[in-house]
Amino acid sequence: MVTKEVEAAPGLKTKLSVDNVSMTYKRDGKLTHVLENVNLEVSDGEFVCLLGPSGCGKTTLLNTMAGFLTPTSGTIQVNGEAVRGPDPRRIFVFQERGVFPWLTVEGNIGFGLSKLTKPEREQRIAHYVKMVGLQGFEKSYPAELSGGMKQRLEVARALAVNPDMLFLDEPFGALDSITRLVMRSELLRIWQAERKTIIFVTHDIDEAVQLADRVVVMSARPGTIQQIVPIDIAHPRDISSQHYLELRDGIFKQIGLAHQV
Amino acid sequence: MNSLAAPQRWEKIFWPLVATALLLLLWHFSVIWSGTKIFPSPRDVGRGMLELFRHHVLWADIRDSVRRVLIGFGIAAVLGIPMGLLLGWYPAANQVVNPVMQILRPISPIAWIPVAIIFFGIGDRAAVFLIFLGSFFPIVVACINGVSNVPSVFRRAGRNFGLTPMQLLTRVVFPAALPQILVGLRIALGIAWLVVVAAEMIAVDSGLGYLVIDSRNSGKRYDLVIAAILLIGVIGLILDLIFRSLERLKPLRWGFRNVA
């Protein structure tokens, strides 16, 4: 039995609503249904992970939410307003490839701040340099930074324009497993400090259960929401607790994976 | 020398010197053994070069050649870079212009010499025109490719931060394409230096190309011919080295491999 929980957590303002979104590509005369009737509501300040196997349309869904793609049918609204394109109030964070290699750390963080006065901009840059722990690297170029530092830089560049939503597309996928763990707790720390609404795409079940308020499990081709799993564990999460393991194993079963390798 | 070990500092200078010395020796003995009366030995050429420097004509020739190249190349860059950026930015416009460009591009600038002389007569402007033609197309093509190779994540990030199309072009696409544009400029400068010599042999009466042809025509001074040819090589190398040093600038360095 497939359950669909589309309601946002009670008592909170709805930030993002996805209504009956379908997405169809036509390639070589063949129609590919990437998304079918996706419904989702995300409340203000919520951390939601979109989880699914590769090719399940989770990145496509994220791109429609961010306004880079227009759904074939259905609507996406943010604060009750239809999404018509990318917007500086909602920043998309790519893997670390998205930082501009021709700009320094300062230049990257200040990229979206050209409307501010110089002192304001410098203050904002300094604030986010500190928040992501890149002090001492202000004048460095991305080529001189490690993968994890570049990823933090991209998050800082996104946060600097003070968006109310962040879209992250497998942001830690290219990092080694230790750096990835560090980055997760950094992201949670930043999220708790700034309370942005975060939509986070991943194919890593542990990552989803460690981070999210709710995990949206998607099935492949055509991509639909299979189940939405609320993760009712307070941060910081004990990832060896019984409840954590139960939730994680539930999602493993949901995706159809036995718990053995 | 082990091919895996990084060469020592002295080796980087020493071995090329050895190779050059061997080549000069080979040249020297080839002239002696073949018994040629026309082709000069390295020593003759060295004397010829000193003679050229002493008579002060050489500096004027170098100055004229470099000036023509800089003007022709400069005009090509000033017109070619914006044109290439726009053609890369609007693929529809590129499709319109591309066939004409693909026909004009493979034509050697030398073939335009008669046309240049009709337009500009014998003189500086004909030579500058030829250099412009030779360097314009590589610059335009490098810019088009540079723009179309800009990774889409950069464009998307720029759009996400609310840039207008014009800002996107100047703040994202241009800097992202700059390393490739620089490669195109460097190739164009190399071509410009090739073209100036040919142009000066026909269309003007000064410059290093003129020096080569004039040394032959007035008294078959092959020592001066070879001296001038070697100078052309050295100055071409210097121009290229100046350009390559730009690749080390930090906002550009990311776009080049193998640059320490």
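Lettering of chains follows the sequences in order, A, B, ..., and the numbering in each one begins at 1. Owing to the predicted nature of the structure, the values given are computational and were not obtained by experimental measurement.
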When the 4.5 angstrom heavy-atom criterion is applied to B:L252 and chain A, the contacting part is neither
Under a 4.5 Å heavy-atom criterion, the part of residues 57-87 of chain A in contact with chain B comprises A:N63, A:F68, A:P86, A:D87
Bottom line for A:R89: the part with an atom under 4.5 Å from chain B's heavy atoms is neither
Is the number of heavy atoms from other residues, nucleotides or ligands under 6.0 Å of A:R189 CZ greater than 12? yes
For A:Y141 and B:P251 the tightest heavy-atom approach is OH-CG, 3.4 Å
Taking atom CZ as the centre, does A:R195 end up with more than 12 heavy-atom neighbours from other residues, nucleotides or ligands that are less than 6.0 angstrom away? yes
Residues of residues 174-188 of chain B with a heavy atom under 4.5 Å from any heavy atom of chain A, in residue-number order, are B:P175, B:A176
query: Is it the case that more than 12 heavy atoms not belonging to B:F120 sit under 6.0 Å from its CZ atom?
result: yes
Checklist entry - For A:W191, does the CH2 atom have more than 12 heavy-atom neighbours from other residues, nucleotides or ligands under 6.0 Å away? => result yes
**OP:** Test the B:R171-A:F111 pair against the cation-pi criterion, namely NZ or CZ under 6.0 angstrom from the six-membered ring centroid and within 45° of the ring axis.
**Re:** yes
Rounded to the nearest 0.5 angstrom, the NZ-NZ distance for B:K250 and A:K139 is 11.5 Å
Tell me if the CZ atom of B:R125 is crowded by more than 12 foreign heavy atoms within 6.0 Å.
no
Within 6.0 Å of CD in A:Q123, more than 12 heavy atoms from elsewhere
no
Answer key: most heavy-atom pairs under 4.5 Å with chain B among A:P142, A:A143, A:P101 is A:P101
Within residues 68-93 of chain B, contacts to chain A at heavy-atom distances under 4.5 Å involve none
Centre-to-centre under 6.0 Å for A:W102 and B:F154, is that the case here?
yes
For B:G158 and A:F100 the tightest heavy-atom approach is N-CZ, 4.3 Å
Between the CD atom in B:Q167 and the OG atom in A:S114, the distance rounded to the nearest 0.5 Å is 6.0 Å
Sorted by chain and residue number, the side-chain hydrogen bond (donor to acceptor under 3.5 Å, both in side chains) partners of A:S177 (sequence neighbours excluded) come out as none
When rounded to the nearest 0.5 Å, the distance separating CG of B:N160 from CZ of A:F94 is 6.5 Å
Cut-off 4.5 Å, heavy atoms of chain B, and the answer for A:T104 is neither
